[in-house]
Chemist: 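Here you go, one structure.
Each chain gets a letter, A, B and so on, in the order its sequence line appears, and its residues count up from 1. Excluded from the calculations below are hydrogen atoms, water molecules and symmetry mates; all remaining heavy atoms, backbone and side chain alike, are included.
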Amino acid sequence: MAVQLKSIRGVHDGLPQDVRQWQQVEQRARAIFKRYAFEEVRLPILEPTELFVRSIGEATDIVSKEMYHFVDQGGDDLCLRPEGTAGAVRAFLQAGLTRAGAQRWFYAGPMFRRERPQKGRLRQFQQIGVEWFGGEGPSEDIELLAMAAAFLEDLGISQVRMEINSLGCQQCRPLYRDLLVKFLTTQHANLCETCCERMDKNPLRVLDCKIASCQNALTDAPEMVAHLCEGCDQHFTGLKSGLDALKVPYRVNPRIVRGLDYYNRTAFEAVTDQLGSQGTVLAGGRYDGLVAELGGEATPAIGFAMGVERLAMLLPEAESASVDVAVITMGDALLNHSLNLAQQLRHADLCVVHCGLGNSKKQFKRANREQARFVVVIGESEAAQGLISLKNMATGEQQQITLEAALQVIAG
RNA sequence: GUGGACGUAGUUCAAUGGUAGAGCCCCGGCUUGUGAUGCCGGUUGUUGGGGGUUCGAGUCCCCUCGUUCACCCCA
C-alpha cells in the first residue's frame with residue numbers, strides 16, 4: 001500500500017515494541033539515579049537560539065548546521081533543543097539556585113539535530129541526561145562515573161567500556177594546544193585532508209581521526225594528560241584513584257575530545273563496538289565555566305547524556321506484558337454480564353481482555369492471539385449457576401468453578 | 001553537506017526487457033459451546049513517487065522521496 005503521509009526523515013515512531021525497550025532503559029536509570037539522590041526535571045524543548053549559540057559554541061557543527069531553528073509569529077528566534085545541558089544551566093540560573101547547594105538533576109526527552117540519519121543516529125532522538133551543579137570534584141566526578149557504570153551494569157549491557165580523559169582547563173589547554181599544533185605541523189604530510197583543515201579549526205579533533213594513517217602519524221603526539229597544570233593533574237589523579245577504589249572499570253584514552261566548547265577537565269565516553277560507527281552510548285564531562293558563561297555566579301558542574309535508542313539497540317527484544325485472562329461470552333444477551341465479570345477480574349489486578357461477541361471459535365482465536373494464559377467462558381449454564389468456566393490455555397484443562405476459586409487458580 | 005547500496009502484497013522475498021509470483025500472516029470452511037496442530041478454499045499490489053527510452057519497463061536512463069551504510073559530526 002502506498003503510504004501517503006509519512007513521518008519525516010530521521011524521525012521515527014516509537015511503536016510498542018520500541019517503547020518497551022525505552023522503558024527498560026528509563027526505569028533502570030530512574031532506579032539507579034534515585035540511589036544517588038538525583039531528581040527529575042522537565043525542561044522546555046523550545047529554547048531561544050541564543051542559548052545554544054552561547055553555550056555550545058557558534059563554530060560547532062551542532063550550532064552552525066544541525067539546529068532546527070525558526071522565527072515564530074512574534075519574531076522570536078527559537079530552536080528545538082539539540083542537547084540538554086544548555087537548557088539545564090539556563091533553568092538553574094533562572095530559578096536562582098546558585099546558592100541553593102548542590103543540585104543533582106536528571107531529565108529524559110527528545111533532542112533534535114538535522115543530520116544525515118544512519119544506524120543509531122536520528123534527527124529526533126531521546127536522551128537521558130544528568131547534571132550535577134555545585135561540586136568541583138573530583139569526588140563528584142568519581143560518583144557520577146560510578147553511577148553511570150552502575151546504570152550500564154544494571155541494564156545488563158556488557159561489551160561497553162568506559163574511557164576517560166582530562167581536557168585541562170583555560171590555563172593549561174591553550175599551552176597544550178600550541179604544543180600539539182607544533183607537532184602536527186611536523187606531520188603535515190602524513191595527515192589526511194580533513195585533518196589538515198582541523199589543524200586550523202580545531203586541532204584537538206585531529207586526535208580522534210578514524211583514519212589509520214593519521215593515527216600512525218600521531219604515535220608520538222603530545223598528550224593532554226601529560227601536560228596538565230598542577231590543579232588539573234591533581235584532579236585527574238584523584239579521579240583515577242577514586243575509580244580504582246570503587247572498582248569502576250575504565251581506561252584512560254588520551255584521544256577523547258569533546259565536540260562542545262563548554263567542557264573542561266574530566267571527559268568520558270562509554271563505547272561499544274556493537275553499533276557500527278556510532279559506538280558512543282553515553283558521554284559527558286565537566287563544564288565548570290558554563291554557568292558563568294551564561295551570566296551566573298561561577299558554579300562548577302559535571303554531567304553526561306546517553307542515547308536511549310542506542311542503548312535500546314543493545315538490549316534483547318522485550319516481550320509485552322502477558323494477558324492473564326480473556327473473557328468469552330456465549331450469547332449476546334450475556335454481554336453486560338461478561339463485561340461486568342471482566343471488570344471484577346481487573347479489580348483483582350489482573351490483565352484482562354474481553355473478546356467481544358461472535359461465535360466461540362472466533363472469540364477463542366482472539367484469546368489465543370492475545371496469548372492469554374486463561375480463558376473465562378460465560379454461557380447460559382454458567383450464568384444460571386453463578387459459576388464461570390475457567391480454561392488453562394497452555395494445558396487445555398477446563399473447569400466450572402466460582403469466581404473466587406478461579407482467582408486462586410489464576411494466581412497460583 | 002559528500003559518497004555507496006537498496007525500495008515489488010500486511011510481512012519476508014522471487015520474477016534472461018515479454019501475462020507480477022511464492023512462503024508466512026490474514027479471512028472463510030471442515031467444527032454455530034472451545035484456541036494453538038491438520039486438511040480444503042479465498043482476498044491482497046498505482047512494483048515508493050514523477051518523467052524518459054522502447055512495439056513493450058518491476059527490470060534500462062534521469063529526477064525526487066524514503067531506508068540503510070560510511071564520511072563529516074555526534075548520544
Chemist: Applying ring pair (Phe, Tyr, Trp, His ring centres under 6.0 Å), can you list everything that pairs with Phe364(A), at least two apart in sequence or on another chain?
Modeler: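 Expected list: none.
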
Chemist: Let me check I have this right: for RNA chain B, each base becomes ., (, ), [, ] or |, based on Watson-Crick or G-U pairs with both distances under 3.5 Å. What is the full string?
Modeler: (((((((..((((....[..)))).(((((.......))))).....(((((..]....))))))))))))....

Chemist: For a quick test of your reading: what N or O donor-acceptor pairs under 3.5 Å do the side chains of residues 24-36 of chain A make, sequence neighbours left out?
Modeler:
unit_1	atom_1	unit_2	atom_2	d
Arg28(A)	NE	Asp154(A)	OD2	2.4
Arg28(A)	NH2	Asp154(A)	OD2	2.9
Arg30(A)	NH1	Glu40(A)	OE1	2.6

Chemist: Report the nucleotide, chosen from A75(B), U67(B), C71(B), that has the shortest atom-to-atom distance to any side-chain atom of Gln118(A).
Modeler: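 The answer is C71(B), which lies nearest to the side chain.
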
Chemist: If the test is side-chain contact (heavy atoms from CB on, under 4.5 Å), which one of Leu144(A), Asn165(A), Asp141(A) qualifies with Phe268(A)?
Modeler: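 Between Phe268(A) and the candidates, side-chain contact (heavy atoms from CB on, under 4.5 Å) is satisfied uniquely by Leu144(A).
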
Chemist: Roughly, in whole Å, what's the span from NZ in Lys65(A) to C1' in G1(B)?
Modeler: 6 Å

Chemist: Would you mind writing out the side-chain donor-acceptor pairs for residues 347-355 of chain A within the sub-3.5 Å range, not counting sequence neighbours?
Modeler:
unit_1	atom_1	unit_2	atom_2	d
His354(A)	ND1	Gly356(A)	N	3.0
His354(A)	NE2	Thr329(A)	OG1	3.4
His354(A)	NE2	Ser338(A)	OG	2.8

Chemist: Write down the distance separating the C1' atoms in A22(B) and G3(B), rounded off to the nearest Å.
Modeler: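 So the two C1' atoms sit 36 Å from each other.
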
Chemist: In whole angstroms, how far is the C1' atom of A75(B) from the CD atom of Glu131(A)?
Modeler: 13 Å

Chemist: Applying ring pair (Phe, Tyr, Trp, His ring centres under 6.0 Å) between Phe38(A) and each of Trp105(A), Phe151(A), Trp132(A), Phe133(A), report the one that passes.
Modeler: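 In the set Trp105(A), Phe151(A), Trp132(A), Phe133(A), the residue that makes a ring pair (Phe, Tyr, Trp, His ring centres under 6.0 Å) with Phe38(A) is Trp132(A).
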
Chemist: Can you figure out which of C72(B), A75(B), U68(B) approaches the side chain of His12(A) most closely?
Modeler: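 Ranking C72(B), A75(B), U68(B) by closest atom to the His12(A) side chain puts U68(B) first.
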
Chemist: For A75(B) and Thr280(A) - does any side-chain N or O of the residue sit under 4.0 Å from the phosphate oxygens OP1/OP2?
Modeler: no

Chemist: Rounded to the nearest angstrom, tell me the gap between atom CD1 in Ile62(A) and atom P in C72(B).
Modeler: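 Rounding to the nearest Å, CD1 of Ile62(A) and P of C72(B) are 16 Å apart.
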
Chemist: Please check if the number of heavy atoms outside Gln400(A) that lie under 6.0 Å from its CD is greater than 12.
Modeler: yes

Chemist: Taking only residues two or more places apart in sequence or in another chain, which ones pass ring pair (Phe, Tyr, Trp, His ring centres under 6.0 Å) with Trp22(A)?
Modeler: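 Trp22(A): no ring pair (Phe, Tyr, Trp, His ring centres under 6.0 Å) contacts found.
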
Chemist: Looking only at N and O atoms, is any donor in the side chain of Arg121(A) or the base of C73(B) less than 3.5 Å from an acceptor on the other one?
Modeler: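 Such a pair is found, so the answer is yes.
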
Chemist: Under the side-chain contact (heavy atoms from CB on, under 4.5 Å) rule, collect the residues that match up with Ala95(A), sequence neighbours excluded.
Modeler: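 Partners of Ala95(A) by the side-chain contact (heavy atoms from CB on, under 4.5 Å) criterion, ordered by chain and then number, come out as Leu97(A).
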
Chemist: Can you name the residues that form a ring pair (Phe, Tyr, Trp, His ring centres under 6.0 Å) with Phe236(A), not counting sequence neighbours?
Modeler: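 Phe236(A) satisfies ring pair (Phe, Tyr, Trp, His ring centres under 6.0 Å) with no other residue.
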
Chemist: When the P atoms of C40(B) and G23(B) are considered, how many whole Å apart are they?
Modeler: 12 Å

Chemist: Provide, to the nearest angstrom, the distance between the CD atom belonging to Glu269(A) and the C1' atom belonging to C73(B).
Modeler: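 The distance from CD of Glu269(A) to C1' of C73(B) comes to 12 Å, rounded to the nearest Å.
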
Chemist: Within this structure, what is the NZ-to-C1' distance between Lys6(A) and G49(B), rounded to whole angstrom?
Modeler: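 My rounded result for the distance is 9 Å.
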
Chemist: Tell me: CZ of Arg113(A) to P of C73(B), nearest whole Å?
Modeler: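 It works out to 14 Å between those atoms.
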
Chemist: How far, in whole Å, is C55(B) from U11(B) if one measures between their P atoms?
Modeler: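 Taking atom P in both U11(B) and C55(B), they lie 37 Å apart.
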
Chemist: If I pick the P atom on U67(B) and the same atom on C62(B), what distance separates them, to the nearest angstrom?
Modeler: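 C62(B) and U67(B) have their P atoms separated by 22 Å.
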
Chemist: Do Glu131(A) and Thr85(A) meet the criterion of a side-chain donor-acceptor pair at a distance under 3.5 Å?
Modeler: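 Thr85(A) and Glu131(A) do have a side-chain donor-acceptor pair below 3.5 Å.
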
Chemist: Say we look at U64(B) and C24(B): how far apart would their C1' atoms be, to the nearest angstrom?
Modeler: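 Their C1' atoms lie roughly 33 Å apart.
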
Chemist: By the 4.0 Å heavy-atom rule, please label Gly10(A) as base, sugar-phosphate, or nothing.
Modeler: sugar-phosphate

Chemist: Using salt bridge (Lys or Arg N to Asp or Glu O under 4.0 Å) as the criterion, list what pairs up with Glu115(A), not counting sequence neighbours.
Modeler: Arg121(A)

Chemist: In whole Å, what separates the P atom of G4(B) from that of U19(B)?
Modeler: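 Per the computed distance, 33 Å lies between those P atoms.
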
Chemist: C73(B) and A14(B): how far apart are their C1' atoms, nearest whole angstrom?
Modeler: 40 Å

Chemist: Only counting residues at least two apart or in another chain, list the ones meeting side-chain hydrogen bond (donor to acceptor under 3.5 Å, both in side chains) with Tyr262(A).
Modeler: Glu83(A)

Chemist: Considering only side-chain heavy atoms of Asn368(A), which listed nucleotide, G35(B), A70(B), A75(B), is closest?
Modeler: G35(B)

Chemist: Looking only at the side chain of Ser277(A) (C-beta and beyond, no hydrogens), which of the listed nucleotides U67(B), G1(B), A70(B) gets closest?
Modeler: A70(B)

Chemist: For Arg123(A) and C73(B), what is the distance between atoms CZ and P respectively, to the nearest whole Å?
Modeler: 18 Å

Chemist: Can you build the contact string for nucleotides 23-34 of chain B? Use B for base contact, S for sugar-phosphate-only contact, and - for no protein heavy atom under 4.0 Å.
Modeler: ---S----B-BB

Chemist: Would you mind reading off the distance between Asp61(A) atom CG and C71(B) atom C1', rounded to a whole angstrom?
Modeler: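 Checked: the CG to C1' distance equals 12 Å.
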
Chemist: Can you tell me, in whole Å, how much space there is between the P of A75(B) and that of U37(B)?
Modeler: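 Each nucleotide's P atom is 48 Å from the other's.
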
Chemist: Looking only at side-chain atoms of Arg114(A), point me to the closest of G35(B), G1(B), C73(B).
Modeler: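 For Arg114(A), the side-chain atoms sit closest to G1(B).
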
Chemist: Which pairs with one or both residues in residues 391-412 of chain A pass salt bridge (charged side-chain N to carboxylate O under 4.0 Å, His left out), sequence neighbours excluded?
Modeler: none

Chemist: Going by number, which of residues 403-412 of chain A have a non-hydrogen atom under 4.0 Å from RNA chain B?
Modeler: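 Result for residues 403-412 of chain A: none.
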
